[in-house]
2 protein chains.
Amino acid sequence: MGVAERKERHKEDLKKDILTAAKQLFTEKGFEATSIRAIAEKIEYSPATIYLYYKDKNEIVHALHQDGFNLLMQHFSKIDFSQSAFARLIALGRAYMQFAFEHPDVYTLIFSMKEPMQHVTDCEKEWHEGDRAFSLLYKTVEECKQEGYFKDMESVGMSFMIWSAMHGLCTLRTSGHLEHMALSCAEVTSLKMDVNTLLDHNFETFIKLLEKLKN
Amino acid sequence: MGVAERKERHKEDLKKDILTAAKQLFTEKGFEATSIRAIAEKIEYSPATIYLYYKDKNEIVHALHQDGFNLLMQHFSKIDFSQSAFARLIALGRAYMQFAFEHPDVYTLIFSMKEPMQHVTDCEKEWHEGDRAFSLLYKTVEECKQEGYFKDMESVGMSFMIWSAMHGLCTLRTSGHLEHMALSCAEVTSLKMDVNTLLDHNFETFIKLLEKLKN
DNA sequence: CTAATTTACTAAACACTGTTCATAAAATTT
DNA sequence: AAATTTTATGAACAGTGTTTAGTAAATTAG
């Protein structure tokens with residue numbers, strides 16, 4: 001029936017409205033400062049209404065979680081896939097870092113927060129977005145091997161270590177730890193560094209490290 | 001005057017009581033679930049009293065932050081310093097991981113949360129604890145160089161990448177991301193893995209990686 | 001040994017948070 | 001037009017960090 005469909009569409013619309021409002025507030029004011037009431041006010045509905053479309057806040061967070069992953073994949077899709085596997089690996093790392101830098105809150109949401117991940121396991125859902133991203137890394141690592149890199153190294157472990165290294169760098173950056181180290185490092189190494197140059201420097205060191213694993 | 005001293009001691013005592021109560025609740029129920037009211041109840045004082053000894057919750061968190069770092073350093077002090085620099089580096093990594101595994105909430109507090117770090121920069125305080133830990137890593141890296149490792153690699157960048165790799169691994173573990181990947185990885189690689197074996201596997205891969213950087 | 005003053009403490013309130021539920025309004029079906 | 005289903009909400013619950021005004025206790029002064 002056409003009417004039922006239209007109603008269903010309306011319902012879906014409101015569901016998306018809630019999500020876009022949440023995303024907006026979320027990116028504007030950060031996750032911590034985004035309340036159900038604020039989302040409700042933005043879409044001009046009562047707070048209680050939101051609970052007719054989402055079971056709880058975690059379900060909203062989970063939806064944003066998926067959204068954030070698509071954004072990451074979007075960043076990945078920009079890279080030139082005609083390059084060598086190793087060059088692609090570096091490009092992946094750079095895109096990953098840029099994503100974390102441009103959308104720190106989204107990054108924290110999808111990679112650091114426990115809640116969205118907990119929601120996935122609670123609902124016994126699969127995490128296709130994450131799997132896809134990881135398998136992209138994994139395949140690139142495997143292809144790097146054919147180019148002579150990472151000999152004798154197990155690919156899964158290697159992929160995880162690359163991911164970990166990048167993830168660690170990004171989280172140390174967003175949490176403010178790197179910023180602080182940049183200052184105190186200046187004393188030790190007598191090199192004045194701002195956060196971003198330190199970040200770049202560390203990434204370049206990582207590339208150099210990976211390059212040394214050839215032949 | 002003796003009386004004033006005794007009073008001062010009493011005051012300091014209560015300040016420490018608040019902290020130990022906070023730490024206890026914190027390690028029992030996690031950070032999120034620890035409220036000022038709960039701390040107050042544990043020490044049998046009014047919530048308002050706590051604000052006579054600590055400006056706000058951030059100040060308590062900051063105190064716990066320092067405490068957590070001492071705990072980390074305690075873990076570090078257990079390692080055998082008569083070994084080679086490289087063996088010490090590995091031992092440092094292992095101790096770091098064990099610390100993160102045994103005290104996940106403390107780890108999150110000192111390395112992942114923005115608030116305590118923000119408090120440091122807000123009060124224009126130094127972060128000696130962090131500096132000490134990092135310089136321990138830095139010096140070990142430098143000594144590794146004398147053993148033939150990390151040739152041509154810049155030490156600061158190298159130290160940061162090692163830290164990042166370990167930090168990334170630990171946070172992916174505590175956030176539940178690694179747990180999820182362990183399941184989906186089983187499909188790809190047809191290797192059934194539980195989280196801890198995957199964690200160990202990844203760390204072993206990292207060691208292998210570092211070993212390849214000799215000569 | 002009272003009286004004044006300083007110090008230590010707390011009850012109550014404020015402005016929030018996520019969430020639930022009975023009730024009301026709107027839309028749809030009979 | 002009446003009955004029914006769907007949709008939306010006001011009000012409340014239990015919780016959070018924090019502030020303030022006022023009380024009880026300890027200390028000092030007379």
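First the proteins, then the strands, lettered A, B, ... as listed; each starts at 1. Every heavy atom of this structure was used, including side-chain atoms; hydrogens, water molecules and symmetry mates were not.
Within 4.0 Å (heavy atoms only), A/Tyr53 reaches sugar-phosphate atoms of the nucleic acid but no base atom.
With C/dT10, C/dC21, D/dA8 as the candidates, the nucleotide lying closest to the side chain of B/Ala48 is C/dT10. Comparing C/dT19, C/dT10, D/dT9 against the side chain of A/Ser46 picks out D/dT9 as the nearest.
When rounded to the nearest whole Å, the span between CG of A/Leu52 and C1' of D/dT9 equals 9 Å. Spacing between atom CD of B/Glu44 and atom P of C/dC9 amounts to 13 Å, rounded to whole angstrom units. In this structure, B/Ile50 places its CD1 atom 10 Å from P of D/dT18, rounding to the nearest Å. Remark: C1' of D/dA25 and CG of B/Leu14 are 15 Å apart, rounded to the nearest angstrom. Here D/dG17 presents its P atom at 6 Å from OH of B/Tyr51, a figure rounded to the nearest Å. Put simply, NZ on B/Lys55 is 12 Å from C1' on D/dT18, counting in whole angstrom units. Rounded to a whole Å, the CD1 atom of A/Ile39 is 10 Å from the P atom of C/dT19. In this structure, CD of B/Glu59 is placed 11 Å from P of D/dT18, rounded to the nearest angstrom.
No side-chain heavy atom of B/Phe206 sits less than 4.5 Å from a side-chain heavy atom of A/Phe160. Using a 4.5 Å cut-off on side-chain heavy atoms (C-beta onward), B/Glu102 and B/Tyr107 make no contact. Between B/Trp163 and A/Leu172 the shortest side-chain heavy-atom distance falls below 4.5 Å.
In terms of position on DNA chain C, the residue among A/Asp56 and B/Pro47 whose nearest nucleotide sits closer to the 5' end is B/Pro47.
No hydrogens or angles were tested; on distance alone, a donor-acceptor pair under 3.5 Å links the side chain of B/Arg37 to the base of D/dG17.
A/Gln98 and A/His75 share no side-chain donor-acceptor pair at under 3.5 Å.
Residue B/Tyr45 places at least one side-chain N or O under 4.0 Å from the OP1 or OP2 atom of C/dC9. Under 4.0 angstrom from either OP1 or OP2 of D/dT9 there lies at least one side-chain N or O belonging to A/Thr49.
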If you apply the rule side-chain contact (heavy atoms from CB on, under 4.5 Å), what do you find for B/Met73 with B/Phe76, and how did you get there? CA-CA 5 Å; B/Met73 284 312 238; B/Phe76 282 165; 3.7 Å; yes
